[in-house]
Trainee: 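Quick one: this structure, given as structure tokens, is what I'll be asking you about.
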Protein chains: 2
Amino acid sequence: MPRRTPRSAERRLEILQSAAAAFRRRGYHGASVEEIARALKMTKGNLYYYFRDKQDILFGCHEYSLGVALELLERVEAEPLPPDERLRRLIAGFVHLIIDELHGTGLTLELEALPRPLWQKVVAKRDRFDRGLRKILQDGMDQGLFVPGDPKLLAFAIMGALNWISRWYDPRGEAHSDDIAASFADYLVAGLRTG
Amino acid sequence: MPRRTPRSAERRLEILQSAAAAFRRRGYHGASVEEIARALKMTKGNLYYYFRDKQDILFGCHEYSLGVALELLERVEAEPLPPDERLRRLIAGFVHLIIDELHGTGLTLELEALPRPLWQKVVAKRDRFDRGLRKILQDGMDQGLFVPGDPKLLAFAIMGALNWISRWYDPRGEAHSDDIAASFADYLVAGLRTG
DNA sequence: TACAGATTTGAACGATCGTTCAAATTTGGT
DNA sequence: ACCAAATTTGAACGATCGTTCAAATCTGTA
């Protein structure tokens, strides 16, 4: 019975972090439960005290990263700002989220490995984020700030540019998360602006 | 001894296509050699007549998709066009390449599963494409067509938006490849333009 | 210190998978 | 129709992996 003590909840988070890193590097099926455990100096049998099975760990990773992403979205939605400034903060915030909070893991983990019920929960949460982003785009178009276009396609383009960061970002590299956030926000908002 | 007859070369390509689809859906380690074979009504043992091992199949997938991508790049570079029009054609061409030629598989397949020597070959080819894209961006900035910025970061943003198509594109969906190509080219070039 | 519950261990299991290979079958040219 | 080469089969292997679990150990508290 985990999650009773505070220590246990911390341990769960550590496991999710180790798993997210392993899944990102090797893919869900390529990462072994043992290597997730070894990175924390645990044994693999021990992980089953905190999670039912490997799928449950993947589900936990998705829930966690989508959770912080939705928090960011809600924070941005709460501020009284015009759509262009909203979008800029969402993009910059998402860059920081991927790099500084999720340590390189974005919303890129595999979904197909999850059984239907868990898959649906994750997809529903992801769709909430997508709809939030599309709404900002639509509002900008309605107010004449953004050039007309298909918000769905544009949201995909933005999410692709952002999530792709997981594939090339190297914490030892030269690019600092502030620079990336500013560059991406500039570029991806500028492409929408009217005259 | 494969590849002697024309039939054999075709078979090799069919295997690469089936494998690319399987790798995209399930990931390299999640896709089994048997399911790659079954989609072609072959037995898994038979694949080993055409490829040394599973890694060799993944390598073949990378070589093929990077090959057509580099062909596109060279075609675009050969035309006497200003950088903005060059970029537009490269982006639109890449969308068509992912959707129509690679059937949904972009440059998204896993690299980490490859042994060092093969990995280096693939990375070298990928870098050639990246450098080509960055050069177009740099030329545009030098000519005052594009706003100044870090070509490396901007190239990552563009490649992310494009490769992410593999994750959401559904051939049964509403979005046609022409629409996507036009939207993406418009958006991603507009973000660079000066006044 | 003693005890109950929380946590960890380590070995064992069944299943899946990549790979091999000798034998069988098919193919195309003469 | 015959033959040599090309291709396919199907069974078998060893290795890896996810999962289970009874026993051992640790932790906080009375």
Side-chain angles (χ1 to χ4, degrees), chain A residues 1-62 109-110 112-115 118-119, chain B residues 1-62 109-110 112-115 118-119:
Chain A
M1 274 140 231
R3 269 210 271 194
R4 304 295 272 269
T5 107
R7 166 100 190 286
S8 202
E10 285 173 29
R11 209 73 160 137
R12 254 184 83 94
L13 258 182
E14 288 175 356
I15 294 170
L16 289 182
Q17 285 174 16
S18 173
F23 292 157
R24 170 170 49 85
R25 282 194 302 262
R26 307 238 211 196
Y28 173 73
H29 288 99
S32 72
V33 174
E34 191 170 19
E35 95 184 74
I36 296 170
R38 191 164 357 102
L40 300 168
K41 288 171 187 162
M42 297 173 114
T43 60
K44 64 172 172 175
N46 198 1
L47 294 200
Y48 289 83
Y49 179 73
Y50 296 93
F51 293 91
R52 192 149 5 96
D53 51 26
K54 197 184 178 189
Q55 290 178 344
D56 193 29
I57 300 178
L58 177 61
F59 177 68
C61 289
H62 273 117
L109 300 185
E110 287 154 283
E112 300 75 15
L114 291 174
L118 298 184
W119 183 86
Chain B
M1 277 137 230
R3 268 210 270 193
R4 305 296 273 267
T5 108
R7 166 101 191 285
S8 202
E10 285 172 27
R11 210 74 159 133
R12 254 183 84 94
L13 259 182
E14 288 174 356
I15 294 171
L16 289 182
Q17 286 174 16
S18 172
F23 291 157
R24 171 170 48 85
R25 282 193 302 261
R26 308 237 211 196
Y28 173 74
H29 288 99
S32 72
V33 174
E34 191 169 19
E35 95 183 75
I36 295 171
R38 194 169 349 104
L40 301 168
K41 288 172 187 160
M42 294 184 168
T43 58
K44 64 173 171 172
N46 197 2
L47 293 201
Y48 289 81
Y49 179 73
Y50 296 93
F51 293 91
R52 192 151 3 98
D53 51 26
K54 196 185 179 187
Q55 290 178 343
D56 194 29
I57 300 179
L58 177 61
F59 177 69
C61 290
H62 273 115
L109 300 184
E110 287 154 283
E112 299 74 16
L114 291 175
L118 297 184
W119 182 85

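Chain letters run A, B, ... following the sequence lines, proteins first, then strands; residues in each count from 1. Just the heavy atoms: all of them, side chains too, but no hydrogens, waters or symmetry mates, feed the values below.
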Trainee: Taking the side chain as every heavy atom from C-beta outward, state whether A:F23 and A:I36 have any atom pair closer than 4.5 Å.
Mentor: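 A:F23 vs A:I36: side chains touch.
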
Trainee: Is the distance from OP1 or OP2 of C:dT7 to the nearest side-chain N or O of A:S8 less than 4.0 Å?
Mentor: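 True: A:S8 side-chain N/O within range (under 4.0 Å) of C:dT7 OP1/OP2.
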
Trainee: Without decimals, in angstroms, what is the distance between A:R52 CZ and D:dG18 P?
Mentor: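 Answer to the nearest Å: 17 Å.
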
Trainee: Can you tell me the distance, in whole Å, between the CG atom of A:N46 and the C1' atom of D:dT25?
Mentor: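 Whole-Å distance recorded here is 12 Å.
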
Trainee: Decide yes or no for B:Y28 and B:E112: does some side-chain heavy atom of the first lie under 4.5 Å from some side-chain heavy atom of the second?
Mentor: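 When only atoms from C-beta onward are counted, B:E112 and B:Y28 do not touch, as no gap falls below 4.5 Å.
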
Trainee: Measure the shortest side-chain to side-chain distance between A:Y50 and A:M42 over non-hydrogen atoms and say whether it is less than 4.5 angstrom.
Mentor: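 Counting from C-beta outward, A:Y50 and A:M42 do come under 4.5 Å.
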
Trainee: Given D:dT8, is OP1 or OP2 found less than 4.0 Å from the side-chain N or O atoms of B:R11?
Mentor: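 So the side-chain polar atoms of B:R11 do come within 4.0 Å of the phosphate oxygens OP1 or OP2 of D:dT8, strictly under.
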
Trainee: Counting heavy atoms from C-beta on, name the nucleotide in D:dT8, D:dC17, C:dC17 closest to the side chain of B:S32.
Mentor: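 Closest nucleotide among those given: C:dC17.
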
Trainee: Taking CD from A:E34 and C1' from C:dT9, how many angstroms apart are they, rounded to a whole number?
Mentor: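 Distance, rounded to whole Å: 13 Å.
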
Trainee: Using a cut-off of 4.0 Å on non-hydrogen atoms, how would the nucleic acid contact of B:A37 be classed: base, sugar-phosphate, or nothing?
Mentor: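 It contacts nothing in the nucleic acid.
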
Trainee: Taking donor-acceptor contacts at under 3.5 Å, does the side chain of B:K44 reach the base of C:dT19?
Mentor: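 Pair found.
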
Trainee: Could you give the CD-to-C1' distance, from B:Q55 to C:dT19, as a whole number of Å?
Mentor: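 Those two atoms, CD and C1', are 12 Å apart.
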
Trainee: In whole angstrom, give the distance that lies between atom CG of B:D53 and atom C1' of C:dG18.
Mentor: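 Rounded to the whole Å, the gap is 9 Å.
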
Trainee: Check this one for me: any side-chain N or O of A:T43 less than 4.0 Å away from OP1 or OP2 of C:dT9?
Mentor: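 Answer is yes, contact under 4.0 Å.
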
Trainee: Find the distance B:D56:CG to C:dG18:P and express it as a whole number of Å.
Mentor: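 Atom CG in B:D56 sits about 14 Å away from atom P in C:dG18.
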
Trainee: Does some side-chain heavy atom of B:F51 sit less than 4.5 Å from a side-chain heavy atom of B:L16?
Mentor: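 Result yes, sub-4.5 Å side-chain heavy-atom pair found.
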
Trainee: Within this structure, what is the NZ-to-C1' distance between A:K54 and C:dT16, rounded to whole angstrom?
Mentor: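 A:K54 atom NZ is separated from C:dT16 atom C1' by 13 Å.
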
Trainee: Could you go step by step and tell me if A:E14 and A:R11 meet the salt bridge (Lys or Arg N to Asp or Glu O under 4.0 Å) rule?
Mentor: CA-CA 5 Å; A:E14 288 175 356; A:R11 209 73 160 137; 3.2 Å; yes

Trainee: I want to verify a distance call: between C:dT19, D:dT8, C:dG10, whose nearest atom is closest to the B:Y50 side chain?
Mentor: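 From the listed options, D:dT8 comes nearest.
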
Trainee: Taking 4.0 Å as the cut-off, does a side-chain nitrogen or oxygen of A:Y49 come that near to OP1 or OP2 on C:dT8?
Mentor: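 It does not, given that no N or O in the side chain of A:Y49 lies less than 4.0 Å from OP1 or OP2 of C:dT8.
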
Trainee: Please state how far atom OH in A:Y48 lies from atom C1' in C:dC13, giving the value in whole angstrom units.
Mentor: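 Atom-to-atom, A:Y48 to C:dC13, this comes out as 13 Å.
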
